[in-house]
Protein chains: 2
Amino acid sequence: MDLKPLDALKLWHDVVLDTVRRDVPDLSARQLAILLTVYLEPPPHTVRGLASKLDVSKPAITRALDTMGQKDLLKRKRDDTDKRNVLVQRTVAGSVYLSELSDTIISKAKDHLA
Amino acid sequence: MDLKPLDALKLWHDVVLDTVRRDVPDLSARQLAILLTVYLEPPPHTVRGLASKLDVSKPAITRALDTMGQKDLLKRKRDDTDKRNVLVQRTVAGSVYLSELSDTIISKAKDHLA
DNA sequence: GAATTCCGTTTCGGAGCCGGATCAGTCTAC
DNA sequence: GTAGACTGATCCGGCTCCGAAACGGAATTC
């Protein structure tokens, strides 16, 4: 793999610019980090676990789940075996959102990594 | 270039997670977009031009320049030929910041695009 | 040289997010 | 069964950012 510094920044620039312009579901870096973690890493995902992994406070995770839940990008589910836990789960809308993000990345990558 | 959707998202995940954890100069997506534009696209860069390119309001650009100026990532310079204009210019600290970002991207890319 | 246009900034009220402390509910040890 | 540990949610004061509108200064038009 041969990715030069300038190419890496240009790729980042193109993708960030694209997401800023069509800011539709405007996610903060933290929210995006949560979304990607839930979709890419093996479950289960708890509030505490996510807070630890991202090194942020628990309320930050709870609030992010609130806002992303409203946008239907994620959903909560109470753990039946231990009702203290909340399991964070995927949704169809979340999958679509990330699918579009990967499309953007791949499209922009083609321009720089040809 | 052969970048699969899952690899693209994993790359994004790793880099975003890295920037969230060491949130030192915590830049919003917009601020990062401004920074990358100024450093990657040919000058001159004006407030109005940046607002148009990112499709955001002028005050948003002004405020972003304020905060990033405090962090010394960018600097303003009055245009001598037309004193209405403000030219946005690079700084050493900004170059260092983006250099570290590209290092992170390249490092994470190696894991997925080997 | 007065009126108009253009530029970046500031003001304004409002919305979102922040972390520490605290809370109610659940599970575990004894 | 009761005391303690643990989970996620909520409260709190504070900070950042938002866009529309209004502003002052500079350039242009006539």
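All of these numbers come straight from a predicted model, not from anything done at the bench. Residue numbers start from 1 in every chain, and the chains themselves are labelled A, B, ... in the order their sequence lines are given, proteins ahead of strands.
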Problem set entry | d(CE, A:M68; C1', C:dC17) in whole Å | 14 Å
Seminar exercise, completed: Ranking A:S57 and B:L87 by the position along DNA chain C of their nearest nucleotide, the one closer to 5' is B:L87
Exercise. Whole Å only: how far is the NE2 atom of B:H45 from the P atom of C:dG8?
Worked result: 13 Å
Seminar exercise, completed: Side-chain atoms of B:P59 come closest, of C:dG19, C:dC27, D:dG19, to D:dG19
Exercise. Does any donor-acceptor pair link the side chain of B:R63 with the base of D:dG19 at a separation under 3.5 Å?
Worked result: yes
Exercise. Which residue lies toward the 5' end of DNA chain C, A:S28 or A:D82, if each is placed at its nearest nucleotide?
Worked result: A:S28
Problem set entry | A:R48 side chain reached by A:I61 side chain, heavy atoms, under 4.5 Å | no
Exercise. Counting side-chain heavy atoms from C-beta on, which of C:dC6, C:dG8, D:dG8 comes nearest to B:V47?
Worked result: C:dG8
For this session: For D:dA9, take OP1 and OP2 only and decide whether either is under 4.0 Å from a side-chain N or O of A:R76.
Result: yes
Exercise. At under 4.0 Å, does any side-chain N or O of A:Q31 touch on OP1 or OP2 of C:dC17?
Worked result: yes
Exercise. For the pair made of CG in A:D79 and C1' in D:dT7, what is the distance, rounded to whole Å?
Worked result: 11 Å
Seminar exercise, completed: Contacts of A:G49 and B:V56 projected onto DNA chain D by closest heavy atom; the upstream (5') one is A:G49
Exercise. Would you say A:T46 reaches D:dG8's phosphate, i.e. side-chain N/O to OP1/OP2 under 4.0 Å?
Worked result: yes
Exercise. Can a side chain N or O of A:R48 be found less than 4.0 Å away from OP1 or OP2 on D:dT7?
Worked result: yes
Exercise. With side chains defined as the heavy atoms from C-beta onward, is the minimum distance between A:L101 and B:W12 less than 4.5 Å?
Worked result: yes
Problem set entry | Side-chain heavy-atom pair A:L87, A:R76 within 4.5 angstrom cut-off | no
For this session: Spell out, yes or no, whether A:L6 and A:V16 are grouped together once hydrophobic residues are joined by side-chain heavy atoms under 4.5 Å, including indirect joins.
Result: yes
Exercise. Rounding to a whole Å, what distance do you find between A:L65:CG and D:dT10:C1'?
Worked result: 14 Å
Exercise. Think B:T62 has a side-chain N or O under 4.0 angstrom from the OP1 or OP2 of C:dT9?
Worked result: yes
For this session: Mind checking A:K58 for me? I need base, sugar-phosphate or nothing, with any heavy atom below 4.0 Å counting as a touch.
Result: base
Exercise. Should A:R30 be listed as having a side-chain N or O under 4.0 Å from OP1 or OP2 of C:dG19?
Worked result: yes
Exercise. Quick one: is A:R78 getting a side-chain N or O under 4.0 Å of the D:dG8 phosphate, OP1 or OP2?
Worked result: no
Exercise. Looking at B:D80 and B:K77, does any basic side-chain N land under 4.0 Å from a carboxylate oxygen?
Worked result: yes
For this session: Could you check which of D:dA26, C:dG8, D:dT7 has an atom nearest any side-chain atom of A:N85?
Result: D:dT7
Problem set entry | Of the listed nucleotides C:dT9, C:dC27, C:dT5, the one nearest the side chain of A:K83 | C:dC27
Problem set entry | Nearest-Å distance for atom pair CZ/P, residues A:R84 and D:dT7 | 6 Å
For this session: Using atom NZ of B:K77 as one end and atom P of C:dG8 as the other, report the distance to the nearest whole Å.
Result: 14 Å
Problem set entry | Gap between atoms CD1 and C1', on A:I61 and C:dG20 respectively (whole Å) | 16 Å
For this session: Indicate whether the side chain of A:H13 and that of B:T37 have a donor and an acceptor atom separated by less than 3.5 Å.
Result: yes
